[in-house]
Amino acid sequence: MKKIYRNAMAVMALALGALTTACSDWDDHYVADAAMQGNANATLWENIQADSQLSQFATLLKKAGFDQNLNSSQTFTVWAPLNDTFDFDRLMQTASDTLLNEFIENHIARSNFPAVGTVEDKIYMLNKKTTLFQGNGSYTMSNISVATPNIASKNGVIHTLQGKLPFLPNIYESLHAVQYPIDSIANFFHQYDRKELRTNLSVEGPIVNGEITYLDSVFYEDNTLFTRYGWNYINEEDSNYTMIVPTNEAWTKAYNAISKYYNYVSGYKFDDRSLADADTIVTFDAEYLRDSLIRKGIMSNLFYNNNLYDNKALMTLQQGGRLMNDSLISTYNEVEPYQGIIYNEDANDLFLGATRLERSNGFMWLTDTLRQRPWNTFNPVIQVEGESSATNVDIGFANNIYVYTSDAQNPVVPGHLSNYGYVEVSNSSANPTFSVYLPEVLSTTYAIYAVFVPSNITNVYDTVPKPNLVNVQISYNTETGDLNGVRPNGARRLTSLARVTTDPTKIDTVFVSDFTFPIAYAGTGNYYPSLVFQGQATGKTYEYPIRLDCVILVPKELDTYIKEHPDYKFYRPKN
């Protein structure tokens, strides 16, 4: 979300000069009629001030600081609501910047728009909203009747209205609103707002108390959270988004539910994957990291671009209705590729019990419960490729990385490799040993799977491949940063998980064990737990080299759900 704008008191004569319409345009576009009133030689502001029926509108113009803009050489069309046709007292209590955006600029457009003959125009207002101006003889603006059309002024035209034009906020503007109990998410968003004065585009005024003032101040407005997570356009009127908006109740429930996944301690020794034979004591602000990642988890999959993919179905989805398309893809998928794709069953649950609110650039669904599956958001399946840099082979063992195309696979071997690659670790006389680091692990339980590759994966002449016998251990930290581990330097606790035997007739996905990590590693950088694989070759029964395709950590709650619902469809890393 980016915006460059000028303040309400700005003269706007320089940078915006190219957008103004010369007074002579009036002769080209305006035909006077019997309803014309006012003084054609006076400015818009002078004519508004002179009309007793517009005194309330004039007062609000001054409060918002826009009166002198209508006194300048720029050309505007003003749709001015008559006295007592709107809630004047409430607007007088409104903050000036909100009044300017939601009321004043909602009634003014650049250039001349006379009411002559048949009119059917979408007007681009100063606050970037589009409003329908239409009629033939009698006219309406957004279905509000025009009382007196075509009040000529030397810098534009005034049409008086029988009421205030409706203001439909966009999604971002709605996060400023106090109409709904959404302070929690609104406060989270706005702590990332940025507003900078662009002095090179602003018009300098007199120096006051040694400081430069600006007659025409140009500001750059942005929100770093938007650009970081692909939500850049929820403040753009020509975009089309759906946002699921948690109420304060929903935010609190989600925060409490997610918090158990982010259990940290402030300082202890980690496995340091950047240093093969050393351990590193890492210290950080555990509470700050925890709070940040919990909030990030809440925000996952709240935004959907209605113009992309099957998301187009969101434009017609009504309360109580169901999506018939196969899936939704949130904007989060652009940042976190293992997240953001939500299939039909889960996609429909997102909107269950929520209230649909139309916005000027899409829809908001207000909900008291965020019905997001953890594995679709902050706790996805973790898959680590054996051939990746996350694999650390002990010194003294051969380490071969094999990557090939699908047509090179031996056709008698069922299954397929993820990423068409694997690692082979071997030694002619010793048990091969290596570790696989596990990134972004949370403090929760995972079902751990390892995918092994048979020796004849590409060799059609190897007709009797042998299995592997492998001990699998896990190296991790405890909550207390326990240093009584098995390995030198005492940095880790090493625990045996299982001894597994592979099936050499296929690419074999082997369940290793369930394991609960007492602490989270997400967000700590290069400091991860690891799985340790050690081959147990005995005589001629088992194969010495170990070939590992990948390791898969499936959140236990997902693993259980899949077993209970075998037809359940969810997004997982391709393998």
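- Here N155 contributes atom CG and N71 contributes atom CG; the two are 7.5 Å apart, rounded to the nearest 0.5 Å.
- For the residue pair N248 / D183, a side-chain donor-acceptor distance below 3.5 Å is found, with atom types taken as modelled.
- In this structure a side-chain-to-backbone donor-acceptor pair under 3.5 Å is missing from N361 to Y241.
- With N170 contributing its side chain and Y172 its backbone, the two residues share a donor-acceptor pair below 3.5 Å.
- Using a 30° and 60° split on the angle between ring planes, F103 and F86 fall in the tilted class, from 30° to 60°.
- A salt bridge does not link E102 with K164: none of the charged nitrogens is closer than 4.0 Å to a carboxylate oxygen.
- Between W375 and Y561, the two ring planes are tilted [angle within 30° to 60°].
- With hydrogens and angles left out, the side-chain atoms of Y309 and D326 include no donor and acceptor closer than 3.5 Å.
- In this structure, OG1 on T331 lies 10.0 Å from CE on M243, to the nearest 0.5 angstrom.
- To the nearest 0.5 Å, atoms CG (D89) and CG (L91) are separated by 9.0 Å.
- A donor-acceptor contact closer than 3.5 angstrom is absent between the side chains of N101 and N127.
- No hydrogens or angles considered: nothing links the side chains of N311 and T242 as a donor-acceptor pair under 3.5 Å.
- In terms of modelled atom types and a separation under 3.5 Å, the side chain of D51 and the main chain of N47 share no donor-acceptor contact.
- One finds the CE atom of M299 at 12.0 Å from the NZ atom of K296 (value rounded to the nearest 0.5 Å).
- Taken from CD in E173 to CD1 in I234, the straight-line distance is 10.5 Å, to the nearest 0.5 Å.
- A donor-acceptor pair under 3.5 Å links the side-chain atoms of N106 to the main chain of P166, judged by distance alone.
- D291 and Y262 share no donor-acceptor pair across their side chains, judged by distance under 3.5 Å alone.
- With H159 as reference, F133 is the one residue of F76, F133, Y139 to meet the ring pair (Phe, Tyr, Trp, His ring centres under 6.0 Å) rule.
- Taking the six-membered ring where tryptophan is involved, the planes of Y261 and F378 are perpendicular, since the angle between them exceeds 60° and thus also 30°.
- Judged purely by atom type and a 3.5 angstrom limit, S142 has no side-chain atom pairing as donor or acceptor with the backbone of L132.
- Between K129 and E237 a salt bridge is recorded (basic side-chain N to carboxylate O distance below 4.0 Å).
- For the 3.5 Å distance criterion, the side chains of N306 and N240 qualify, holding a donor opposite an acceptor.
- Contact of the T444 side chain with the K260 side chain is not registered, since no non-hydrogen atoms from C-beta on lie closer than 4.5 Å.
- Side-chain atoms of F88 and L60, non-hydrogen and from C-beta on, do get closer than 4.5 Å to each other.
- Between L161 and V146 there is a side-chain heavy-atom pair separated by less than 4.5 Å.
- Remark: N83 CG to L54 CG distance equals 6.5 Å, nearest 0.5 Å.
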